[in-house]
Engineer: 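One structure, as structure tokens, below. Some questions next.
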Amino acid sequence: MAAEVESLASSVQELSMNRNGPPSRYLLKDGIGLNGDSSFPVLDIPVIDLGLLASSSPESEEQLDRLRSALSYCGYFQAINHGVESSFLDQVHDLTREFFQLPMEEKKKYSRDANGIDGYGNDVVYSEKQTLDWNDRLYLNTLPIEIRKLEKWPKNPEKFSEMLCEYTTKLQGINEIILKGIAKSLNLEENCFVKQFGKKPTTLARFNLYPPCPTPHLVLAAKAHGDASGTTFLLQDREVEGLQFLKDDQWYRAPIIPDAIVFNVGDQLEIMTNGIYKSPIHRVVTNKERERITAAFFFAPDPTSVVEPAEGLIDENRPRRYKKIVDYTANYFEFFQKGMRPIDDLKI
């Protein structure tokens, strides 16, 4: 990995208070601008009832068909009836906001280390030519337990760590339900993908603050990318949109459904499904007036596990489309900041 250039002392939250606007390193290159979030059409993301999907009722088959259709259509769906109480999701929102509202000196107690992932901060800088994203974030590895860096887990707000552990556990169960559903949707043995995640799959949490930006037509909150994970779960802001998907060369807005959790296929699940379900390209746009708070959880296979297309998805009509890989995420962030996707190197 290239040495990191530690050149950013200010958080984006602090920069958003600067009347002179964003520094040049945040501006989109070549004068390419955005039209504003409201000018993009809304993508009708399918809604999946996870309670029915996991049941043995006749409605389960209907949800399985919807799951197959959703992931073939766009790689996304909105999960409802997922078993996570509305009051708990409110707590996730509230504690995330409380953390980012802390004084800067308090947040900096949890600053990430150079070339590290865990902790509070913003973009890792790999190049002086890199365009930076308009957000601050708190990254925390939650599973397996032995890779947790508890010194980076906020002690304030007081219940933050408790919430993080509980939410991780809840999403673990949801992830297993979905992985089994995906396997069944492809006529595979239901534990096929669960097994590929290995004995010690990883979970990485990312809590995001997207401050208001005075020039939203010139700055992105997060560059276009596909996720390095196997699966991703996003709790959107209660009110402020910002997530957009690329489909058929057109950008679409992601609607907000109260208490729904957005699921998307990650690069590693695309490999496992031999490209039948694609890891969608997405980005986050900025908002001139309002800040946006979200929480994303990334589930990935054990870094020592081999990730490869399931044998049941390879035949004469559909040959193997990806090489096998171990520890896919190792160099992902460096690829991402250079506008590259490591999955492209694995295509046959």
Engineer: Considering only heavy atoms from C-beta outward, does the side chain of V84 approach that of I174 to under 4.5 Å?
Structural biologist: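 A side-chain contact under 4.5 Å exists here.
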Engineer: Looking at R320 and E311, does any basic side-chain N land under 4.0 Å from a carboxylate oxygen?
Structural biologist: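 Salt bridge present between R320 and E311.
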Engineer: Classify the side-chain pair E59/S57 by whether it contains a donor and acceptor separated by less than 3.5 Å.
Structural biologist: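 A donor-acceptor contact under 3.5 Å links the two side chains.
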Engineer: Any salt bridge linking K184 with E189? Criterion: basic side-chain nitrogen under 4.0 Å from a carboxylate oxygen.
Structural biologist: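 Salt bridge absent between K184 and E189.
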Engineer: Any sub-3.5 Å donor-acceptor pair from N135's side-chain atoms to N208's backbone N or O?
Structural biologist: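 Not a single qualifying donor-acceptor pair exists.
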Engineer: Any chance you could pull the hydrophobic cluster mates of L143, using side-chain heavy atoms under 4.5 angstrom and chaining through other members?
Structural biologist: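 I145, listed by chain and number.
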Engineer: Any side-chain to backbone donor/acceptor pair from R148 onto T142? Under 3.5 Å, distance only.
Structural biologist: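 Checking the backbone N and O of T142 against the side chain of R148, a donor-acceptor pair under 3.5 Å is found.
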Engineer: Just to verify, what does D315 make a side-chain contact (heavy atoms from CB on, under 4.5 Å) with, not counting sequence neighbours?
Structural biologist: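 Counting only residues at least two positions away or on another chain, D315 forms a side-chain contact (heavy atoms from CB on, under 4.5 Å) with N317, R318.
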Engineer: Could you tell me if Q244 and R283 have a donor-acceptor pair between their side chains, going purely by distance under 3.5 Å?
Structural biologist: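 Indeed, the side chains of R283 and Q244 share at least one donor-acceptor pair under 3.5 Å.
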Engineer: Flag the pair P154 / L140 as yes when at least one side-chain heavy-atom distance between them is below 4.5 Å, and no otherwise.
Structural biologist: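 SC-SC contact between P154 and L140 confirmed.
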Engineer: Are L138 and L150 grouped together when hydrophobic residues (ILVMFWY) are joined by side-chain heavy atoms under 4.5 angstrom apart?
Structural biologist: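 Yes.
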Engineer: Is there a side-chain contact between I314 and N274 (heavy atoms, below 4.5 Å)?
Structural biologist: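 Touching, per the 4.5 Å side-chain cut-off.
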Engineer: Is N287 reaching over with its side chain to a backbone N or O of E289, donor-acceptor style, under 3.5 angstrom?
Structural biologist: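 Flag set: sc N287 to bb E289 pair under 3.5 Å.
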Engineer: Quick check on the hydrophobic clustering: are L164 and L102 connected, directly or via other members, by side-chain heavy-atom contacts under 4.5 Å?
Structural biologist: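 Yes.
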Engineer: Starting from the C-alpha separation in whole Å, work towards a yes-or-no answer on side chain to side chain contact (heavy atoms under 4.5 Å, CB included) for Y210 and V240.
Structural biologist: CA-CA 10 Å; Y210 302 103; V240 183; over 6 Å; no
Engineer: Check whether any side-chain N or O of N122 sits under 3.5 Å from a backbone N or O of D136 as a donor-acceptor pair, and report yes or no.
Structural biologist: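 Not confirmed, N122 side chain does not pair with D136 backbone.
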Engineer: For the residue pair L269 and L179, establish whether any side-chain heavy-atom pair is separated by less than 4.5 Å.
Structural biologist: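 In short, these two side chains touch, coming nearer than 4.5 Å.
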Engineer: Carefully, step by step, assess K152 and D113 under the rule side chain to side chain contact (heavy atoms under 4.5 Å, CB included).
Structural biologist: CA-CA 10 Å; K152 303 297 184 182; D113 299 326; 3.1 Å; yes
Engineer: If two hydrophobic side chains count as joined below 4.5 Å and joins carry through other members, does I271 share a cluster with V194?
Structural biologist: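 Yes, one cluster joins them.
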Engineer: Restricting to non-hydrogen atoms, name the atom on I117 and the atom on L204 that form the minimum distance, rounded to 0.1 Å.
Structural biologist: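 Scanning both residues completely, I find the closest heavy atoms to be CG2-CD1, 4.2 Å.
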Engineer: Please find the pair of heavy atoms, one from I293 and one from D237, that lie closest to each other, and give the distance.
Structural biologist: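 Here I293 and D237 meet closest at N-OD2, 2.8 Å.
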Engineer: For residues 60-71, which side-chain donor-acceptor pairs fall under 3.5 Å, sequence neighbours excluded?
Structural biologist:
unit_1	atom_1	unit_2	atom_2	d
S60	OG	L53	O	3.1
S60	OG	S55	O	3.3
Q63	OE1	D49	N	2.9
D65	OD1	R68	NH1	2.8
R66	NE	V47	O	3.1
R66	NH2	V47	O	2.8
R68	NE	S185	O	2.8
R68	NH2	S185	O	3.3

Engineer: If the threshold is 4.0 Å, N to carboxylate O, is there a salt bridge linking K155 and E158?
Structural biologist: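 Answer for the salt bridge query: no.
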Engineer: Using ring centroids (six-membered ring only for Trp), state whether F40 and W251 fall under 6.0 Å.
Structural biologist: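 No.
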Engineer: For R238 and D90, indicate whether the former's side chain and the latter's backbone hold a donor-acceptor pair under 3.5 Å.
Structural biologist: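 It does hold such a pair.
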Engineer: Should D259 and I80 count as side-chain neighbours, where that means a heavy-atom distance under 4.5 Å?
Structural biologist: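 The answer is no; the side chains never approach within 4.5 Å.
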Engineer: At what distance, to the nearest 0.5 angstrom, does OG1 of T231 lie from CD of E176?
Structural biologist: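 Atom-to-atom, T231:OG1 and E176:CD are 11.5 Å apart.
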Engineer: Please test R341 against I281 for side chain to side chain contact (heavy atoms under 4.5 Å, CB included), starting from the C-alpha separation and ending with a verdict.
Structural biologist: CA-CA 10 Å; R341 297 186 71 196; I281 301 298; 3.5 Å; yes
Engineer: For Y110 and Y139, run ring pair (Phe, Tyr, Trp, His ring centres under 6.0 Å): C-alpha distance rounded to whole Å, both residues' side-chain angles, the deciding distance at 0.1 Å, then the answer.
Structural biologist: CA-CA 10 Å; Y110 308 104; Y139 268 122; over 10 Å; no
Engineer: Does any N or O in the side chain of K159 come within less than 3.5 Å of the main-chain N or O of L95, such that one atom is a donor and the other an acceptor?
Structural biologist: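 Pair absent, no side-chain N/O of K159 close to backbone of L95.
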Engineer: If hydrophobic clusters are built by linking Ile, Leu, Val, Met, Phe, Trp and Tyr wherever their side-chain heavy atoms come under 4.5 Å apart, do L246 and V42 end up in the same one?
Structural biologist: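 In one cluster: no.
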Engineer: Between R290 and E239, is there a side-chain N and carboxylate O pair less than 4.0 Å apart?
Structural biologist: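 Counted as a salt bridge, because a side-chain N and a carboxylate O are separated by less than 4.0 Å.
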Engineer: Could you tell me whether the side chain of Q236 and the main chain of E241 form a donor-acceptor pair under 3.5 Å?
Structural biologist: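 Looks like no, no N/O pair under 3.5 Å.
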Engineer: Can you tell me if D227 and S229 form a side-chain donor-acceptor pair at under 3.5 Å?
Structural biologist: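 No, S229 and D227 have no side-chain donor paired with an acceptor closer than 3.5 Å.
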Engineer: Please check if any side-chain donor atom of S279 sits under 3.5 Å from a side-chain acceptor atom of D267, or the reverse.
Structural biologist: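 Yes, D267 and S279 have a side-chain donor paired with an acceptor closer than 3.5 Å.
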Engineer: Using side-chain heavy atoms (C-beta onward) and a distance below 4.5 Å, is P309 in contact with K324?
Structural biologist: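 No - every pair of side-chain heavy atoms lies 4.5 Å or more apart.
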Engineer: Hey, are R97 and E291 close enough for a salt bridge, meaning a charged N less than 4.0 Å from a carboxylate O?
Structural biologist: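 Salt bridge between R97 and E291, a charged N being under 4.0 Å from a carboxylate O: yes.
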Engineer: Does L313 belong to the same Ile/Leu/Val/Met/Phe/Trp/Tyr cluster as I325, with side-chain heavy atoms less than 4.5 Å apart forming each link?
Structural biologist: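 Yes, L313 connects to I325 through the hydrophobic network.
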Engineer: When you measure from the centre of the six-membered ring of Y73, is the NZ or CZ of K247 closer than 6.0 Å and no more than 45° off the axis?
Structural biologist: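 Flagged: K247 positioned over aromatic ring of Y73.
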Engineer: Surrounding NZ of K288 (heavy atoms of other residues, nucleotides or ligands, distance under 6.0 Å), is the total greater than 12?
Structural biologist: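 Open: at most 12 neighbouring heavy atoms sit under 6.0 Å from NZ of K288.
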Engineer: Work out which heavy atom in L234 is nearest to a heavy atom in L243; give both atom names and the distance.
Structural biologist: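 That closest heavy-atom pairing would be CD2-CD2, 3.7 Å.
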Engineer: Might you work through the ring pair (Phe, Tyr, Trp, His ring centres under 6.0 Å) test for F88 and Y167, ending with a clear yes or no?
Structural biologist: CA-CA 8 Å; F88 183 82; Y167 197 27; 5.7 Å; yes
Engineer: Applying the ring pair (Phe, Tyr, Trp, His ring centres under 6.0 Å) test to F207, which of F160, Y120, F100, F99 qualifies?
Structural biologist: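 So the option named by the test is F160.
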Engineer: Test side chain to side chain contact (heavy atoms under 4.5 Å, CB included) on L27 and V219; report intermediate values, then the result.
Structural biologist: CA-CA 5 Å; L27 303 181; V219 177; 3.8 Å; yes
Engineer: Evaluate the side-chain proximity of F193 to L188: yes if any heavy-atom separation is below 4.5 Å, no if none is.
Structural biologist: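 Yes, side chains in contact.
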Engineer: Give a yes or no on whether the backbone of P22 and the side-chain of W134 come within a donor-acceptor separation of less than 3.5 Å.
Structural biologist: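 Pair absent, no side-chain N/O of W134 close to backbone of P22.
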Engineer: Verify, without hydrogens or angle tests, whether Q268 (side chain) and A228 (backbone) share a donor-acceptor contact under 3.5 angstrom.
Structural biologist: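 Confirmed, Q268 side chain pairs with A228 backbone.
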Engineer: Would you mind reporting whether I261 and L50 have side-chain heavy atoms less than 4.5 Å apart?
Structural biologist: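 They are not in contact (no side-chain heavy atoms under 4.5 Å apart), so the answer is no.
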Engineer: Give the ring-plane orientation class for Y76 versus H282, where under 30° counts as parallel, over 60° as perpendicular and anything between as tilted.
Structural biologist: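 It falls in the perpendicular class, over 60°.
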Engineer: Do side-chain atoms of D133 reach the backbone of K223 as a donor and acceptor pair under 3.5 angstrom?
Structural biologist: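 Yes, D133 side chain to K223 backbone: donor-acceptor pair under 3.5 Å.
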Engineer: Show the nearest heavy-atom pair for residues G116 and R112, with the distance to one decimal.
Structural biologist: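 What the structure gives for the nearest pair is O-CD, 3.7 Å.
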Engineer: A221 and T286: which non-hydrogen atoms are nearest, and at how many Å?
Structural biologist: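 Looking at all heavy atoms of both residues, the shortest contact is N-CG2, 3.5 Å.
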Engineer: Do Y322 and E270 meet the criterion of a side-chain donor-acceptor pair at a distance under 3.5 Å?
Structural biologist: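 A donor-acceptor contact under 3.5 Å links the two side chains.
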Engineer: Can you tell me how far apart CG (L89) and NZ (K170) are? Round to the nearest 0.5 Å.
Structural biologist: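 Going from CG on L89 over to NZ on K170, the span is 8.5 Å.
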Engineer: For V92 and A295, which heavy atoms make the closest approach, and how far apart are they?
Structural biologist: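 Heavy atoms of V92 and A295 come nearest at CG1-CB, 4.1 Å.
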Engineer: By the definition ring pair (Phe, Tyr, Trp, His ring centres under 6.0 Å), identify the one residue from F298, F297, F263 that meets it with F233.
Structural biologist: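 Testing each of F298, F297, F263 against F233, the sole residue satisfying ring pair (Phe, Tyr, Trp, His ring centres under 6.0 Å) is F263.
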